[in-house]
Q: 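Sharing a structure below in structure tokens format, with a few things to ask.
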Protein chains: 2
Amino acid sequence: MGDKLKNGKISDDCKRHFKAINDTLYILNGKWRVMIIACLASGKKRYLELQHIVEGIGPKMLSKELNKLELNGLITRTTLETRPVTVEYELTEYALSLKSLTDEMGAWGKQHREKVIKDLHSAGI
Amino acid sequence: MGDKLKNGKISDDCKRHFKAINDTLYILNGKWRVMIIACLASGKKRYLELQHIVEGIGPKMLSKELNKLELNGLITRTTLETRPVTVEYELTEYALSLKSLTDEMGAWGKQHREKVIKDLHSAGI
DNA sequence: CCGCATCCCTGAGGATACTG
DNA sequence: CAGTATCCTCAGGGATGCGG
């Protein structure tokens, strides 16, 4: 991927790579998708559980995002016929392929936080 | 990460993981950051090169995003004293740690596109 | 060539209240 | 409990023009 053609133009491989990244970005776009997926990656959850764990999200956004994720085949919705009803959301097999991405994000965020703290520290001295 | 505590609550490890993901999301937020980074990951680029490769971005957003990325220590800006001036943007050493993320996104997007096409295909039959 | 300033506007997202 | 409906805000982002 690290190659330009001699004439300074971007190679077709690169373009494809960028397109692919855009596809991913499109699926994960918005403020909440990744968090919802990451959250469900730790096991099936119910609606209110999600709303509590994904801090800041309101009911409207939550159901909207859940719908889109379901449409994209990333999660399944199961309604249990209890009284009152219980609904469980779960990642599909397919969505599991996103786990390496969310894990990567977690890892990067962790080390980034450490770096920022270290930088602040050495700036303070 | 796949563990809940017995009482159904989320473990502290999980919470830290989510926080870390949010940190990453914060750095990469917006429509353009990831693409800019991915683009620069294939070598230093000039302003107009970026604007051409990152399709759809306007000059305002581009410079705004470049500024933020520079503030976050992810890219460096080099002005060459030519006539007229030339400016080169380049990923910092640090930002290279994001390459695995963008690569992951590229890989996922690729196989996702293939899946979608396959699904459409079998739906067509 | 680079990229700021300005104006404008859409739609993502927030708050709240209500229903099956 | 699990959402939907409604209204509203605001900042992300588009378009254009100018200045170094």
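To find a chain, count down the sequence lines: A is the first, B the second, and so on, and within it residues start at 1. Computed from a predicted structure; not experimentally measured.
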Q: Check the distance between D:dA2's P and A:Tyr89's OH and give it to me in whole angstrom.
A: 8 Å
Q: Can you check the A:Tyr26 OH to C:dA12 P distance for me, whole Å?
A: 10 Å
Q: Take A:Lys44 and A:Glu88, measure what salt bridge (charged side-chain N to carboxylate O under 4.0 Å, His left out) needs, and give me the verdict at the end.
A: CA-CA 6 Å; A:Lys44 59 172 66 164; A:Glu88 283 183 343; 3.6 Å; yes
Q: May I have the distance from A:Leu48 (atom CG) to D:dG3 (atom P), rounded to whole angstrom?
A: 9 Å
Q: If only side-chain N and O atoms of B:Thr86 are considered, is one of them under 4.0 Å from the OP1 or OP2 phosphate oxygen of C:dC1?
A: no
Q: For the residue pair A:Cys39 and A:Leu50, what are the closest heavy atoms and their distance?
A: SG-CD2, 3.6 Å
Q: Tell me: CG of A:Leu28 to P of C:dA12, nearest whole Å?
A: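 Interatomic distance, CG of A:Leu28 to P of C:dA12: 16 Å.
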Q: Using a cut-off of less than 4.0 Å, is there contact between a side-chain N or O of A:Ser63 and OP1 or OP2 of D:dT4?
A: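 Yes, A:Ser63 has a side-chain N/O under 4.0 Å of OP1/OP2 on D:dT4.
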Q: Distance check needed: D:dG12 P versus B:Ile36 CD1, whole Å only.
A: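 Atom-to-atom, B:Ile36 to D:dG12, this comes out as 14 Å.
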Q: How far does OH of B:Tyr26 sit from NZ of B:Lys19, to the nearest 0.5 angstrom?
A: 13.5 Å
Q: Rounding to an integer number of Å, can you tell me how far A:Arg33 CZ sits from C:dG13 C1'?
A: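 About 13 Å, once rounded to whole Å.
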Q: In whole Å, what is the span from the CG atom of A:Leu69 to the P atom of D:dG3?
A: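 Rounded to the whole Å, the gap is 13 Å.
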Q: Salt bridge or not between B:Lys115 and B:Asp119? Use side-chain N to carboxylate O under 4.0 Å.
A: yes
Q: Please check: side-chain N/O of A:Thr92 versus main-chain N/O of A:Leu74, any donor-acceptor pairing under 3.5 Å?
A: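 Yes; at least one donor-acceptor contact below 3.5 Å.
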Q: Between C:dC1, D:dA2, C:dC4, spot the one nearest the side chain of B:Val85, thanks.
A: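 In terms of side-chain proximity for B:Val85, the closest of C:dC1, D:dA2, C:dC4 is C:dC1.
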Q: Round to the nearest Å and state the distance from A:Leu62 atom CG to C:dG13 atom C1'.
A: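 For the pair A:Leu62 CG and C:dG13 C1', the rounded distance is 13 Å.
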Q: What does the B/S/- profile of nucleotides 13-19 of chain D look like, 5' to 3', with a 4.0 Å heavy-atom cutoff to protein?
A: BBB----
Q: Looking at C:dC4, I'd like to know if its phosphate oxygens (OP1 or OP2) sit under 4.0 Å from a side-chain N or O belonging to B:Asn67.
A: yes
Q: Could you work out, with side chain to side chain contact (heavy atoms under 4.5 Å, CB included) as the rule, every residue matching B:Glu104, not counting sequence neighbours?
A: A:Ser100, A:Leu101, A:Glu104
Q: Within the structure shown, what part of the strands sits under 4.0 Å from A:Arg83 by heavy-atom distance: base, sugar-phosphate, or nothing?
A: nothing
Q: Drop me the distance from A:Ile21's CD1 to B:Met105's CE, to the nearest 0.5 angstrom.
A: 7.5 Å
